[in-house]
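Working notes, beginning with the structure itself.
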Amino acid sequence: GWIALTAVLALTVLVLGLSLLSLRRALREVAEELEEKLAADTNTLITLSTGDRAVRALAARINTQLHALRAERLRLRNGDRELKAAVTNVSHDLRTPLTAICGYLDLLEGEEHSADGRRYLAVIRERLRRLFFFVGRRLCGFRLARQELSPADGGLRVFIDERTGS
């Protein structure tokens, strides 16, 4: 009796050990596939070679989350594109009248003025320079954060300096 019971227990331990090894291999496979899917921007899902229902259910739940993650990434990319377009429009809408004001200010500065008139023009020039700087800092900061405008080329700062005579 004891030998048969020991044999049954040994066989049970062996089967459970093999099942555990198989389960560990399947979970490792899920982990590797998940890492691949997260690293690559792909629409493929996790596929498994195991027949274990619990591991397949886990993979199905992970695939659902991957799908939701991809949808969120797409939504963020679209929102980023819309934001970039809006910033470009705002930039143009602000620069155009500011540039016109600079042109008229240049014309006014070319004429003869009293000391008060020159002082007023200097105040206008300084305020305009600050406005260009403020607008440029906001818009340039947005673009720099998205690596569209290199700090090395000067970007909007050069434009501001050119327009305000700084």
Side-chain angles (χ1 to χ4, degrees), residues 20-110 118-166:
L20 183 60
L21 287 175
S22 174
L23 187 58
R24 288 184 72 181
R25 185 182 58 79
L27 290 175
R28 191 171 33 251
E29 186 179 351
V30 168
E32 289 169 1
E33 287 242 359
L34 180 59
E35 282 184 37
E36 286 177 26
K37 303 309 177 199
L38 291 175
D41 195 14
T42 177
N43 284 328
T44 61
L45 299 175
I46 292 176
T47 56
L48 298 174
S49 60
T50 184
D52 187 279
R53 276 185 271 151
V55 175
R56 287 198 169 279
L58 174 64
R61 281 187 248 143
I62 290 172
N63 284 335
T64 300
Q65 292 300 312
L66 282 173
H67 181 72
L69 178 63
R70 288 184 188 115
E72 184 65 14
R73 279 183 183 167
L74 182 61
R75 188 186 70 76
L76 289 174
R77 276 191 203 123
N78 289 337
D80 197 41
R81 276 189 222 115
E82 290 172 10
L83 185 58
K84 287 176 187 177
V87 166
T88 299
N89 290 338
V90 167
S91 174
H92 180 268
D93 291 347
L94 289 173
R95 285 185 199 175
T96 301
L98 289 175
T99 302
I101 292 168
C102 282
Y104 285 115
L105 187 57
D106 289 343
L107 291 174
L108 279 173
E109 287 175 336
R118 286 190 302 276
R119 189 169 45 87
Y120 297 151
L121 289 173
V123 168
I124 293 170
R125 174 70 66 189
E126 176 58 22
R127 300 277 167 86
L128 192 56
R129 187 192 67 73
R130 287 182 185 176
L131 185 56
F132 262 114
F133 182 74
F134 175 78
V135 169
R137 204 160 124 205
R138 297 296 183 262
L139 298 176
C140 187
F142 172 82
R143 289 186 182 144
L144 284 173
R146 282 154 184 78
Q147 299 176 345
E148 288 181 2
L149 188 61
S150 165
D153 67 12
L156 194 53
R157 181 76 179 134
V158 170
F159 176 81
I160 293 167
D161 289 345
E162 288 172 355
R163 293 292 178 252
T164 60
S166 297

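- The line from CZ of Arg127 to CG of Leu105 is 13.0 Å long, rounded to the nearest 0.5 Å.
- Residues meeting the side chain to side chain donor-acceptor pair (under 3.5 Å) test with Arg61, sequence neighbours left out: none.
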Under 3.5 Å, sequence neighbours excluded: what are the donor-acceptor pairs made by side chains of residues 67-75?
residue : atom : partner : partner atom : Å
Arg70   : NE   : Thr42   : O            : 2.4
Arg70   : NH2  : Thr42   : O            : 3.1
Arg70   : NH2  : Thr44   : O            : 2.9
Glu72   : OE1  : Arg75   : NE           : 3.2
Glu72   : OE2  : Arg75   : NE           : 3.4
Glu72   : OE2  : Arg75   : NH2          : 2.5

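- Under 3.5 Å, the side chains of Glu29 and Ser49 contain a donor-acceptor pair of N or O atoms.
- By the side chain to side chain donor-acceptor pair (under 3.5 Å) test, Asn78 pairs with Arg81, sequence neighbours left out.
- Contact annotation: the side chain of Leu27 approaches that of Leu58 to within less than 4.5 Å [non-hydrogen atoms, C-beta and beyond].
- Atom CD1 in Ile62 sits 10.0 Å away from atom CD in Glu33 (nearest 0.5 Å).
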Would you please test Glu109 and Asp106 for side-chain contact (heavy atoms from CB on, under 4.5 Å) and show each step?
-> CA-CA 5 Å; Glu109 287 175 336; Asp106 289 343; 4.0 Å; yes
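- Here Thr50 contributes atom OG1 and Arg25 contributes atom CZ; the two are 6.0 Å apart, rounded to the nearest 0.5 Å.
- Within the 4.5 Å cutoff, side-chain heavy atoms of Lys84 are placed close to those of Asp80.
- Interatomic distance, Arg56 CZ to Leu48 CG, rounded to the nearest 0.5 Å: 5.5 Å.
- When each of Leu94, Leu98, Ile101 is tested with Leu131 by the rule side chain to side chain contact (heavy atoms under 4.5 Å, CB included), just one qualifies, namely Leu98.
- Looking at heavy atoms from C-beta onward, Leu66 lies in side-chain contact with Leu38 at the 4.5 angstrom threshold.
- Atom-to-atom distance recorded for Glu35:CD and Glu32:CD is 7.5 Å, nearest 0.5 angstrom.
- Between atom CD1 of residue Ile46 and atom CG of residue Leu34 there is a gap of 4.5 Å, rounded to the nearest 0.5 Å.
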